[in-house]
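Encoded as structure tokens, the structure appears first; notes follow it.
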Amino acid sequence: MTTTSPSSCGQSDQNLFSALRARFPALLDSAAVETDQGLVYSWRDLERATAMMANLLTSLDLPAGARIAVQVEKSVEAMMLYLATLRAGYVFLPLNTAYKSTEVDYFVQNAQPSVVVCSAADFGWVSKIAFKNGVQHVFTLNDDRTGSWLERAAQCSDQHTPVARKADDLAAILYTSGTTGRSKGAMLSHGNLLSNTQVLHDYWSWRADDVLIHALPIFHVHGLFVALHGALFNGSKMIWLAKFDAKTVLRHLPQATVFMGVPTLYVRMLAEPALTPALARHMRLFVSGSAPMLLETFVAWRERTGHTILERYGMSETVMLTSNPCQPDARFGAQGAQRRGGTVGFPLPGVSLRVRGEHGRDCDVDEIGGIEVKGPNVFSGYWRMPEKTAEEFTSDGFFRTGDVGKVDADGFVTIVGRSKDLIISGGYNVYPAEIESFLNDLPGVAESAVVGVAHPDFGEVGVAVVIPKAGAQLDPASIIGNLKSRLANFKIPKHCVVTAELPRNAMGKVQKNLLREQFRTLFQADA
Ligand code: MCA
Ligand code: AMP
């Protein structure tokens, strides 16, 4: 079945930065960002610092469409660098700080950025990769307001006219791993990001007095786009936390109205005795997404705080696709439709979502199939991978999400699984194929399989099953140790088993479902 909501946004032909800046409050000296270190940045500070950084980028005489690759710790200055990149008309390429040299090398080779910005502590290895790949400019930016990036920007003018952009001009590239293990750069335009920002602004009923607690990393869609754009487009102050910590968030709840997080953050806050309805009484909206939220977490949150979490669903390739209602949905009469746990709500205005079965047949109500989407928020394709892009789109222009789900009679979308072999751990994506290829390259390893199993904190984590070559002696701890030196920490399997063979079906295909079943209760408290 296909379900579409009417679009509320027509305008998209402009630079996203200009659209955000146009919504800054008239009182430019009021607080835009307060950090957990006690620093306060005004809207004027954002305006001036992004102008200086944009002028620095312009002074580098970069080619049109130049990519600015950034792997730095979260800071207000890092956020300004993102805005400055938009302002100067270049393309932002954020990289998870957990990525190690093999991973960064791949991104730099693939994206060919003109500028790389990294922490001073990583300058040695990152600059080596950058220069080897022909990058001309490498700067440092630290989370204590130091680094060559800021030193150089301080010498630039604080006046800058944003570079005009068309709706389909590229604004950012977000790398997302693939089932083949090779990461693909999802190309998002100013129009993709702006249309989604406008839609979410209306759909989530942002209010003039809203204050957002920003506790997510700023190298993925949730923290960089959904949370940040939401606050900036509303002219709302952000309480800016460099890292998520449950106690710190709870301490700030009385000064805030909006919080966004992945399910793990809610699980961790629920473990805090300080979480009470009184503490959350000023809050207006708790948003969850990036990973499935257990119904028990949804229910426990309501019982402990009196608030109903709003679950929404999105992807790097599409930004946000669906959302539970913020206000009771008028289509359901006087009472409206309320948020439903276990569902991701309705397609957002402007998004067409359909569920398809085998041979492209539209599924009926409640019938499970592959989720396909279309809309102004959907990316144009993968960076320099036209064949991969073509594979993921249907002939009538729908993007195949790789998520499996259904739509009920009221129009609520539920995600029931994934056709892509993917583990979502604490809101980060881990592709088994990538881990398996590293495992298979280790001396003495014949083959391997990585599966996702339930975990009380991260929702899901990887378990590695490794088969040795004849006569080889393998030690699980050294296998994990080896992976740790080469892969981002969140990708490391939380358990490794060395065994004689993998279960296979009659066709010789590894039966991952049997492995998942074997390790299903491994991390359960009472297992
Ligand atoms: C940390 N560790 C993890 C993860 N994070 N293991 C598995 N999965 C994880 N997500 C491990 C580290 O490797 C380390 O292990 C140990 O936990 C402690 O690391 P630390 O950095 O101290 O962890 P933390 O600060 O407690 O971080 C946990 C976290 C973080 C706060 C849940 O992972 C996080 O911020 N997640 C949010 C991710 C996010 O923003 N996703 C949005 C993607 P060891 O000690 O062995 O080294 S955007 C998206 O998906 C779409 C589009 C959408 O819909 O939004
Ligand atoms: P990413 O590649 O980081 O953009 O992750 C996108 C994937 O996260 C989606 O394809 C879904 O599988 C998953 N996802 C995002 N939001 C939700 C949600 N609310 N519930 C379940 N899965 C989600």
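As the structure lists them, so they are numbered: ligands from 1, and atoms in each ligand from 1. On a predicted model such as this, the values are computed, not experimentally measured, just so you know. Along the sequence shown, residues are numbered consecutively beginning with 1.
If you check which protein heavy atom lies closest to atom 7 (C) of ligand 1, you get S425 OG, 3.1 Å. Protein heavy atom nearest atom 6 (C) of ligand 2, with residue, atom name and distance: G314 O, 3.6 Å. Taking atom 3 (C) of ligand 1 as the reference point, the nearest protein heavy-atom neighbour is F458 CZ, 3.3 Å. At the top of the distance list for atom 54 (O) of ligand 1, counting protein heavy atoms only, stands R312 NH1, 2.9 Å. Here the protein heavy atom with the shortest distance to atom 4 (O) of ligand 2 is S316 N, 2.6 Å. In terms of protein heavy-atom proximity, atom 16 (N) of ligand 2 is closest to S290 N, 3.1 Å. For atom 44 (P) of ligand 1, the closest heavy atom belonging to the protein is K484 NZ, 4.3 Å. Closest to atom 30 (C) of ligand 1 among all protein heavy atoms lies Y428 CE1, 4.2 Å. Closest to atom 31 (C) of ligand 1, if we only count protein heavy atoms, is L265 CD2, 3.8 Å. Nearest protein heavy-atom contact of atom 19 (N) of ligand 2 is R312 O, 2.7 Å. Taking atom 21 (C) of ligand 2 as the reference point, the nearest protein heavy-atom neighbour is P292 N, 3.4 Å. For atom 2 (O) of ligand 2, the closest non-hydrogen atom of the protein is N429 ND2, 2.6 Å. For atom 27 (O) of ligand 1, the nearest non-hydrogen atom of the protein is R268 NH1, 4.3 Å.
Residue V461 places every heavy atom at 4.0 Å or more from ligand 1. Within the structure, the closest approach of K494 to ligand 1 falls below 4.0 Å when heavy atoms are considered. Within the 4.0 Å heavy-atom cutoff, H220 does not count among the residues contacting ligand 2.
In summary, the atoms of ligand 1 found under 4.0 Å from a heavy atom of G314, numbered by their order in the structure, are 52 (C), 54 (O). For ligand 1, the atoms sitting less than 4.0 Å from at least one non-hydrogen atom of T264 are 32 (C), numbered in the order shown with element in parentheses. Residue contact check: M315 has heavy atoms under 4.0 Å from atoms 52 (C) of ligand 1. Remark: ligand 2 atoms within the under-4.0 Å shell around heavy atoms of M315 are 4 (O), 6 (C), 9 (C), 10 (O). Close contacts between ligand 1 and L216 involve ligand atoms 40 (O) [criterion: under 4.0 Å to a heavy atom].
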- request: Before giving the answer on side chain to side chain donor-acceptor pair (under 3.5 Å), spell out for N440 and S448 the whole-Å C-alpha distance, their side-chain angles and the decisive distance to 0.1 Å.
  value: CA-CA 6 Å; N440 296 346; S448 63; 2.7 Å; yes
task: Kindly indicate, with the supporting measurements, whether the criterion side chain to side chain donor-acceptor pair (under 3.5 Å) is fulfilled by D403 and Y313.
output: CA-CA 11 Å; D403 291 309; Y313 155 58; 2.7 Å; yes
field: N192 and S189: CA distance, side-chain angles, deciding distance, side chain to side chain donor-acceptor pair (under 3.5 Å) verdict
entry: CA-CA 5 Å; N192 292 146; S189 67; 3.1 Å; yes
task: Mind running side chain to side chain donor-acceptor pair (under 3.5 Å) on S195 and N377 for me, showing each step along the way?
output: CA-CA 6 Å; S195 63; N377 49 313; 5.6 Å; no
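Cation-pi contact between K388 and W383: absent, since separation from the ring centre below 6.0 Å together with deviation from the ring axis within 45° is not met.
Protein non-hydrogen atoms do not reach within 4.0 Å of atom 19 (O) of ligand 1.
Geometrically, ligand 1 and G426 share a nitrogen or oxygen pair separated by less than 3.5 Å. Between N429 and ligand 1, no N or O atom pair is found at a separation short of 3.5 Å. By the 3.5 Å distance cut-off applied to N or O atoms, T401 is not counted among the residues near ligand 2. Considering backbone and side-chain atoms alike, Y431 places every N or O at 3.5 Å or more from each N or O of ligand 2. For ligand 1, the polar-atom distance check against G289 finds no nitrogen or oxygen pair separated by under 3.5 Å. Between S290 and ligand 1, an N or O atom pair is found at a separation short of 3.5 Å. In terms of polar-atom proximity, defined here as any N/O pair under 3.5 Å, S288 makes no such contact with ligand 2. Between D403 and ligand 2, at least one pair of N/O atoms sits closer than 3.5 Å. Between S316 and ligand 1, no pair of N/O atoms sits closer than 3.5 Å. For ligand 2, none of its N or O atoms has an N or O atom of Y313 under 3.5 Å away.
Relative orientation of the F107 and Y99 rings is tilted, given thresholds of 30° and 60° on the angle between their planes. Ring-plane geometry between F490 and Y428 is classed as tilted, the angle between the planes lying from 30 to 60 degrees on a 0 to 90 degree scale. Ring geometry for W301 against Y266 counts as perpendicular: the plane angle is over 60°, on a 0 to 90° scale with 30° as the lower cut.
Aromatic ring centroids of H190 and F17 lie 6.0 Å or more apart. Annotation: F393 is not in aromatic contact with F398 [ring centroid separation under 6.0 Å not met]. For F399 and F379, the ring centers are positioned less than 6.0 Å apart. In this structure, H229 has its ring center closer than 6.0 angstrom to the ring center of F225.
The shortest heavy-atom contact between A78 and E73 is CB-O, 3.9 Å. Residues H495 and F523 come closest through the heavy atom pair CB-CZ, 4.0 Å.
Ranked by closest heavy atom to atom 41 (N) of ligand 1, the top entry among S288, G427, A215 is G427. The closest heavy-atom contact to atom 47 (O) of ligand 1, among the options I424, T176, L321, N489, comes from N489. Considering each of P217, A488, G223, the one bringing a non-hydrogen atom nearest atom 40 (O) of ligand 1 is P217. Comparing H220, H222, K243, K74 against atom 23 (O) of ligand 1, the shortest heavy-atom distance belongs to K243.
With salt bridges taken as basic N to acidic carboxylate O contacts below 4.0 Å, none links E311 and R339. Using a cut-off of 4.0 Å between Lys/Arg side-chain N and Asp/Glu carboxylate O, R400 and E392 are scored as not salt-bridged. Ionic pairing of D36 and K243 is not present here: no N-O contact between side-chain nitrogen and carboxylate oxygen is shorter than 4.0 angstrom. A salt bridge links R340 with D410; the closest basic N to acidic carboxylate O contact falls under 4.0 Å.
W206 and S236 share no side-chain donor-acceptor pair at under 3.5 Å.
The proximity of I424 to ligand 2, defined as any non-hydrogen pair under 4.0 Å, is limited to the side chain. Residue A291 touches ligand 2 through its backbone alone, judged by heavy-atom distances below 4.0 Å. Looking at K184 against ligand 2, nothing comes within 4.0 Å, counting heavy atoms.
By the 6.0 Å contact criterion, CD on E391 is enclosed, its count of non-hydrogen atoms from other residues, nucleotides or ligands being greater than 12.
Checked against F259 for a side chain to side chain contact (heavy atoms under 4.5 Å, CB included), the options M269, H252, H214, R284 give a single hit: M269.
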